[in-house]
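Single-structure report; data block below.
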Amino acid sequence: MEEVLTRWLGTTASLRTEIVAAIGLVISLGVSVHVLLRKRVVGAAIGWIGLAWLAPVFGSLLYITFGINRVERRARRLKRRPSQTIDDTPQPSAHVPEAFRALDRAVQAITGLPTVAGNRIEIFRNGDEAYPAMLDAIGQARRSVALSSYIFRDDEIGRAFCDALKAAQERGAEVRVILDGIGSGYFFPAAWRRLRRLGVPAGLFMHSVLPWRMPFLNLRTHKKLLILDGQIAFTGGVNISDGNRVREKPDFPIRDTHFRIEGPVVEHLTQAFIADWLFVSDEELEGEAWLPPLAPAGTVTARVVTSGPDADIEKIATVILQVIACARHSIRLTTPYFLPNDLIVNALCLAATRGIEVDVVIPKASDHRFVDWATRGHIDPLLKSGVRIWIDGPPFDHSKAMTVDGQWCFIGSANWDSRSFRLNFELNVEVYDVPLAQALEAFIAGKRRTRLTQADLDARALPVRLRDAAVRLLLPYL
């Protein structure tokens, strides 16, 4: 009897092993088929398939959790209602300098939007300058206030914004607020709770505490938008946090740059907010309170470029590639995080080798040490090609700006890394304007404290070089 029982147990164990192996085979095959059909990046596809076969259960769970773009699926479900139908007829662009006409055509093809003339853009440094102007504009709004922020702290300045938004609502203005579900604090951010208590309509972007929706953890809205009465807009890099009030000497001061925009291009920014609010709440915003007729307010020609892991995937990165190819004399840029993909690295290298002056300013120390390490492990080809990389001293500067040939500018929320170019929902403004380009070039030049050289990289100890190279492998998610 004991022998029969032993034999039966052995048979059962063998059968279980075969069943588990068969399930693993089916799962691995399923993941492989999905990867082959969905993943365009060869390295990523090979990595996911290899992981699925080496660790069928664990690897497949990782792929299901982090590898599938559920954002794209959800975006497809949110069909435009008749009131949101867009006229796909090509629209004439505003006049741009002759040297940039090919770029203008290319960006219109990428975005589906024409450049628009008659705008005015004003620069603000840090929260010290930006916050008073933003709060004053909220105080004057009468019809609508739209606010979107990656970080919105429930600190002194955050509470001031909450009070201003509530006051605007009490005056009769329609108010809508979007906070990123991760950047503003996970598990129901305090500022979001405060707004809800005040009765201000506020939504969390891509937020869920449910484990099976955790893939949304890696996808964020990084936009910073404030739009008043559909006529005045603020955008750039400034979040809502006491840390941005540099004059108040916070524990970790954050310098930054923000922009006030008036004119017809504000409609582009409003449409971007309307699309995000629909995504968050399934409520459509319509009427002149949000989209009034806009008269010219200045002489600047501009266009909005949005990017995200859905229909807008890599549009900002594609625009950057186009403008690098069009550059004739100079490319200047500053960014808090510099980890561009190989395509952009190669484009910058090619520009430098054909005689274009390429200057990149990065902080001496950002607020993410791993990113700083990875940057040092990533920039060797740029230095060897003649790209000049400069180090800006503390305090940390979160500004993002790019100029080309002293005539074209790119401003907004996107950093120069794979997260901004591919994973985040971002918004930049393309600007054709010599005075703004000159102002930004002077700003970037003022940040060029110390030049980073090949000798500096070669002087790193071997353990440091290995660390930097290893962290660089996380480039797609840093």
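Distance check: Trp408 CH2 to Ser330 OG gives 12.0 Å after rounding to the nearest 0.5 Å. Between Phe161 atom CZ and Asp154 atom CG the span is 13.5 Å, to the nearest 0.5 Å. With values rounded to the nearest 0.5 angstrom, Cys162 atom SG is found 4.0 Å from Leu195 atom CG. For the atom pair Met134 CE and Phe124 CZ, the distance stands at 9.5 Å (nearest 0.5 Å).
Salt-bridge check for Arg376 with Asp468: failed, with every basic side-chain N at 4.0 Å or more from each acidic carboxylate O. A salt bridge links Glu156 with Arg245; the closest basic N to acidic carboxylate O contact falls under 4.0 Å. Between Arg448 and Asp392 there is no salt bridge, since none of the side-chain N atoms of the basic residue sits less than 4.0 Å from a carboxylate O of the acidic one.
Side-chain atoms of Asn346 come within 3.5 Å of backbone N or O of Asp342 as a donor-acceptor pair. A donor-acceptor distance shorter than 3.5 angstrom exists from the side chain of Trp192 to the backbone of Ala202, with no hydrogens or angles considered. Not one N or O on the side chain of Asn244 forms a donor-acceptor pair closer than 3.5 Å with the backbone of Asn126. Judged purely by atom type and a 3.5 angstrom limit, Ser385 has no side-chain atom pairing as donor or acceptor with the backbone of Val387. Distance alone, capped at 3.5 Å, is enough to place a donor-acceptor pair between the Thr335 side chain and the Trp416 backbone. Side-chain atoms of His258 do not come within 3.5 Å of backbone N or O of Ala130 as any donor-acceptor pair. For the pair His398 (side chain) and Gly237 (backbone), a donor-acceptor distance under 3.5 Å is present. A side-chain donor-acceptor contact under 3.5 Å links Thr235 to the backbone of Lys224. Side-chain N or O atoms of Asn428 include none that pairs as donor or acceptor with a backbone N or O of Val305 at under 3.5 Å.
With no hydrogens or angles considered, no side-chain donor-acceptor pair links Tyr131 and Asp242 at under 3.5 Å. For the residue pair Asp229/Gln140, the side-chain donor-acceptor check at 3.5 Å is not satisfied. For the residue pair Asn341 / Ser418, no side-chain donor-acceptor distance below 3.5 Å is found, with atom types taken as modelled. Side-chain polar atoms of Arg176 and Ser144 form no donor-acceptor pair below 3.5 angstrom. Between the side chains of Tyr150 and Arg220, at least one donor N or O sits under 3.5 Å from an acceptor N or O. Under 3.5 Å, the side chains of Asp397 and Ser399 contain a donor-acceptor pair of N or O atoms. For Glu441 and Thr403, the side-chain atoms include at least one donor-acceptor pair closer than 3.5 Å. No hydrogens or angles considered: a donor-acceptor pair under 3.5 Å links the side chains of Asp456 and Thr453.
Ring geometry for Phe396 against Tyr337 counts as tilted: the plane angle lies between 30° and 60°, on a 0 to 90° scale. The aromatic rings of Phe370 and Trp373 sit perpendicular to each other, their planes meeting at more than 60°, with 30° as the lower class boundary.
Phe279 and Phe205 have their aromatic ring centers within a separation under 6.0 angstrom. Ring centroids of Phe425 and His222 are separated by 6.0 Å or more, keeping the two rings apart.
Using a 4.5 Å heavy-atom threshold, the side chains of Val246 and Asp128 count as touching.
Of the candidates Ile344, Asn415, Asp417, Leu339 forms a side chain to side chain contact (heavy atoms under 4.5 Å, CB included) with just one, namely Asp417.
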Quiz prompt | Stepwise side chain to side chain contact (heavy atoms under 4.5 Å, CB included) check, Glu262 with Glu122 | solution = CA-CA 9 Å; Glu262 294 179 77; Glu122 185 179 357; over 6 Å; no

Practice problem: For the pair Lys384 and Asp380, evaluate salt bridge (Lys or Arg N to Asp or Glu O under 4.0 Å) and give the outcome as yes or no after the intermediate values. | Solution: CA-CA 6 Å; Lys384 288 179 177 177; Asp380 184 75; 2.9 Å; yes

